[in-house]
Amino acid sequence: MDIPSKYDANSVESKWYDYWMKHNYFHSTPDEREPYTIVIPPPNVTGVLHMGHMLNNTIQDVLVRHARLLGKNACWVPGTDHASIATEAKVVAKLKEQGIDKNDLTRDEFLAHAWEWTEEYGGVILEQLKKLGCSCDWDRTKFTMDDDMSEAVIKVFVDLHNKGLIYRGYRMVNWDPEAQTTLSDEEVIHEERQGNLYYIKYKILSPTLSEGKGENSPPLEELEEEYLTIATTRPETIFGDTAICINPNDERFTHLKGKKAIVPISNRVVPIIEDEYVDLEFGTGCLKVTPAHDENDKNLGDKHNLEVIDIFNADATLNSFGLQFQGQDRFEARKTVAKELEALGVLVKTETHINKVGTSERTKAVIEPRLSDQWFLKMEDLVKPAIEAVLGENAEIKLFPKKFENTYRHWLENIRDWNISRQLLWGQQIPAYFYGDGKEDFVVAESIEKAVELAKQKTNNQQLTTSDLTQDTDALDTWFSSWLWPMSVFDGIRNPENEDIKYYYPTNDLVTGPDILFFWVARMIIAGYEYKDERPFNNVYLTGLVRDKQRRKMSKSLGNSPDALKLIKDYSADGVRVGLLLSSAAGNDLMFDETLCQQGKGFGNKIWNAFNLTNLWEVSDAIEQPQSSKIALEWYEAKFQDALVEIEDHFSKYRLSDALMSIYKLIYDDFCGWLLEIVKPAYQQPIDVKTYNSVMARFEDNLKILHPFMPFLTEDIWQYIAERTPEEALIVAKWPEAKPINKELISQFEFASEVISGIRTVRKEKNIAFKDAIGFSAINNEKVNIAFDAVISKLGNLEAIQYVSEPVEGALTFRVKSNEYFIPMEGAIDVEAEIIKLSEELKYTEGFLKSVQKKLSNERFVAGAPEQVITNERKKESDALAKIETIKSSLASLK
RNA sequence: GGGCGCAUAGCUCAGUUGGUUCAGAGCACUUGGUUUACACCCAAGGGGUCGGGGGUUCGAAUCCCUCUGCGCCCACCA
């Protein structure tokens with residue numbers, strides 16, 4: 001047939017993707033076959049494909065295609081996530097460019113803009129996945145804010161609330177002043193920052209008569225100018241100070257007990273309290289307490305009934321408590337307040353100090369601890385089945401690699417309640433409806449109509465109508481919708497008995513990054529047990545981060561992330577897939593290097609050329625099958641089966657790189673390097689039909705096992721090899737059947753290949769061109785399969801193989817095990833050089849023999865080592881002895 | 001501060017219960033080869049005291065201790 005001499009990936013890839021789509025191979029519906037299900041980790045709806053996605057989705061596609069070839073009903077559900085903070089931030093920024101302030105819009109107006117944005121950019125990333133070859137069931141594409149998905153989220157919220165697991169509380173939460181919303185603990189990233197430690201003097205107020213005077217206190221008059229010094233990293237928060245705290249065991253400060261201090265600038269009087277929480281070693285051992293702006297201080301405040309003064313606005317500028325500093329940003333105020341303190345003469349000193357500050361995962365803003373009313377989910381009980389499922393004795397969910405089990409355990413065992421409310425508009429609005437101003441004056445229901453009914457019951461006021469109710473303005477945390485993903489994509493929350501959820505759930509594998517182990521993976525497990533009483537997936541494959549050659553994380557800001565689509569254009573999707581998988585063990589970071597893609601592309605080219613070769617052959621049924629072809633095909637079949645077992649083993653352990661490398665070597669070395677070279681007819685000679693058919697059958701097997709990794713190229717060649725009906729496409733072909741492996745044949749071939757290598761070495765050393773046929777004699781001391789002689793003869797370009805019993809004189813020699821081979825040379829042999837070479841080989845072999853014999857004469861070794869080990873050592877000994885014999889006799893004949 | 005993990009060839013990594021798949025793979029490198037599928041090729045070759053030190057054992061890359069250097073996760077010390 002006519003085929004292009006060069007493989008044109010770009011046109012081929014789009015052609016076959018369209019073909020697959022047209023014939024609906026990706027679409028799955030429940031049937032009698034075993035299901036194989038993956039739900040995609042939904043990328044941010046407005047995101048674009050980056051290297052992490054490419055790796056992650058390539059792995060998923062390999063798993064899905066492999067399962068499909070194994071005859072399973074493969075279903076890969078794609079979709080996107082609304083990503084509340086990230087998306088809302090983008091929309092706000094875009095509106096700002098247009099001169100629109102979010103605060104001037106109503107909720108509905110803002111949401112209209114957000115939907116517009118989503119529809120414009122949403123799904124771009126899914127189109128990019130198609131370029132990668134992802135065989136997702138696009139008919140099932142979901143978005144976390146689809147109506148049915150949102151309905152499920154609300155249903156779950158109401159249910160958890162009714163179970164008493166969701167509550168509203170006034171708590172210290174993580175406030176992102178930039179996004180102006182709270183964040184869960186998991187969304188806060190602690191970073192080391194260099195800051196200052198400010199030492200500030202507070203004047204001590206003498207005790208008043210009404211409060212009594214301690215027995216041991218110094219006389220009143222001595223106290224007038226007394227100060228105490230505290231250390232703080234945040235001088236601007238002194239406006240919120242409501243106490244000074246000392247450690248009761250600190251002898252330096254016993255005289256301060258029960259007294260009061262005056263806060264500089266604001267000149268408020270605050271008590272000096274005692275608590276063992278204070279570290280005697282740190283700073284001055286005195287602590288200022290700001291309950292509104294620090295979690296520890298809040299705890300102290302609760303314990304000691306302190307006043308709470310919130311000094312910040314939502315954007316972290318000082319409010320009226322900040323006096324003349326009102327309106328200043330917290331970081332600006334930190335400087336100006338310090339200056340003012342210095343001017344007042346109460347700033348004792350300033351030291352540099354490194355401390356950890358919480359930052360927002362999304363906006364990178366420094367988190368401000370802030371007290372506010374938020375919604376929380378009680379985690380303590382929910383978490384129990386999730387711990388059991390992964391770490392229990394009968395663990396149902398496996399993590400790959402296993403090392404993440406520790407991380408998982410640590411998080412779950414120390415879990416705190418989950419703050420699920422966000423002060424955002426983009427997301428599911430919390431279904432709580434207020435009917436009064438009281439903290440408890442609300443009901444939770446799936447609709448306002450139901451809410452009215454509940455409110456009527458609760459208040460005993462039958463006059464209430466929907467217009468008396470106000471829905472909570474907060475939205476839910478994005479993860480509160482994505483934690484339901486494996487269930488909600490099959491409508492398993494709203495319709496728990498539907499066919500899809502019963503068939504596809506639990507899903508098989510989840511492929512994602514360890515960075516969202518807590519955000520998402522753990523929570524899906526929690527939700528799965530709560531709502532299906534069953535695990536959401538069997539296995540979790542955690543990929544590593546994609547880094548550049550300098551080990552830097554790939555990121556937009558560093559500009560070190562290659563353009564994913566350009567890579568595909570340059571190296572083909574198949575090439576990029578291979579490049580990504582060549583070195584990416586589960587959980588290990590991947591040092592990405594474009595040359596890996598080049599290698600992938602090169603591999604594709606190699607296979608294309610192999611096909612091109614077979615295609616150039618003229619097939620004849622008039623000639624016999626050569627002996628060499630017959631045995632080589634038998635060998636390759638054994639080799640293929642051997643590799644197949646290895647490959648399946650790698651798949652079962654999610655060692656996809658290893659599986660790919662096994663296939664790579666099988667095709668590159670064994671198929672192209674050996675088999676094709678052996679069966680290749682002489683120039684312009686035809687090939688016998690029997691060999692040709694067998695070779696093509698083996699070629700097809702190769703394509704099948706490579707298909708999950710390089711779907712396009714393999715399908716293309718598959719369709720060239722024969723006319724195929726849509727039912728016969730490679731994508732739905734049958735994975736090669738495992739057969740018994742002829743290990744004997746494999747080792748016999750290996751021996752033959754060593755002989756061939758020996759011949760090649762001699763040719764190289766003596767500059768004998770390959771096209772010159774040479775004579776060849778052998779002394780066979782080993783049992784060898786002479787069927788391979790034809791192979792040796794062909795690849796060594798030998799005139800013939802003669803068996804002799806005595807060393808051939810005037811010949812170059814080499815040995816494989818105890819077999820000796822002779823290549824007669826025209827003209828004089830450099831006898832001296834040969835003797836030196838042989839002597840060295842003898843010396844080495846004798847040394848080797850000695851070490852083996854030493855081991856065998858050690859009684860404790862013979863007594864202690866297993867039978868097999870000793871047998872092996874004895875074999876080594878006899879092999880070495882036989883080899884020494886042959887070397888010695890060769891030496892004798894030379895001398 | 002607590003926990004976990006890693007260190008093997010120039011690079012990226014395999015190496016399961018200690019002993020023949022134990023010192024490996026791919027890439028890179030060196031040398032030679034090209035009218036006969038492919039220079040995106042073929043062949044041959046060099047290269048590692050398995051991070052340092054100590055221990056257990058007949059035997060250690062593998063088990064134990066220790067030191068060093070990295071990485072990750074968690075954490076409320078101002």
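The sequence lines fix the lettering, A, B, ..., with proteins before strands; numbering per chain opens at 1.
Per the geometry, CZ belonging to A:Arg763 stands 13 Å off P belonging to B:A44, to the nearest Å.
The shortest distance between the side-chain N/O atoms of A:Thr614 and the OP1/OP2 oxygens of B:A37 is not below 4.0 Å. OP1 and OP2 of B:U35 both lie 4.0 Å or more from every side-chain N or O belonging to A:Tyr683. Between A:Arg655 and B:A25, a side-chain N or O to OP1/OP2 separation shorter than 4.0 Å is absent. Between A:Arg416 and B:C76 there is a side-chain polar atom (N or O) within less than 4.0 angstrom of OP1 or OP2. Considering only side-chain N and O atoms, A:Lys876 lies nowhere under 4.0 angstrom from the phosphate OP1 or OP2 of B:C22. Side-chain N/O atoms of A:Tyr668 include one lying less than 4.0 angstrom from OP1 or OP2 on B:C41. Distances shorter than 4.0 Å separate some side-chain N or O of A:Asn588 from OP1 or OP2 on B:A14. For the OP1/OP2 pair of B:A37 and a distance below 4.0 Å, the side-chain nitrogens and oxygens of A:Lys680 include at least one atom meeting the criterion.
Pairing of B:C76, defined by two Watson-Crick or G-U wobble distances under 3.5 Å, is not identified with any nucleotide. B:G69: Watson-Crick or G-U partner is B:C6, with both key distances under 3.5 Å. The pairing partner recorded for B:G32 is B:C42, the criterion being a Watson-Crick or G-U wobble arrangement whose two distances lie under 3.5 angstrom.
For B:A43, the base has no donor-acceptor partner in the side chain of A:Glu677 [N/O atoms by modelled type, under 3.5 angstrom].
Using a cutoff of 4.0 Å between basic side-chain nitrogens and carboxylate oxygens, A:Glu186 and A:Arg523 are scored as salt-bridged. Look at A:Lys743 and A:Asp642 and you find a salt bridge, because one of the NZ, NE, NH1 or NH2 atoms lies within 4.0 Å of a carboxylate O, short of that distance.
Not a single donor-acceptor pair under 3.5 Å links the side chain of A:His293 to the backbone N or O of A:Arg234.
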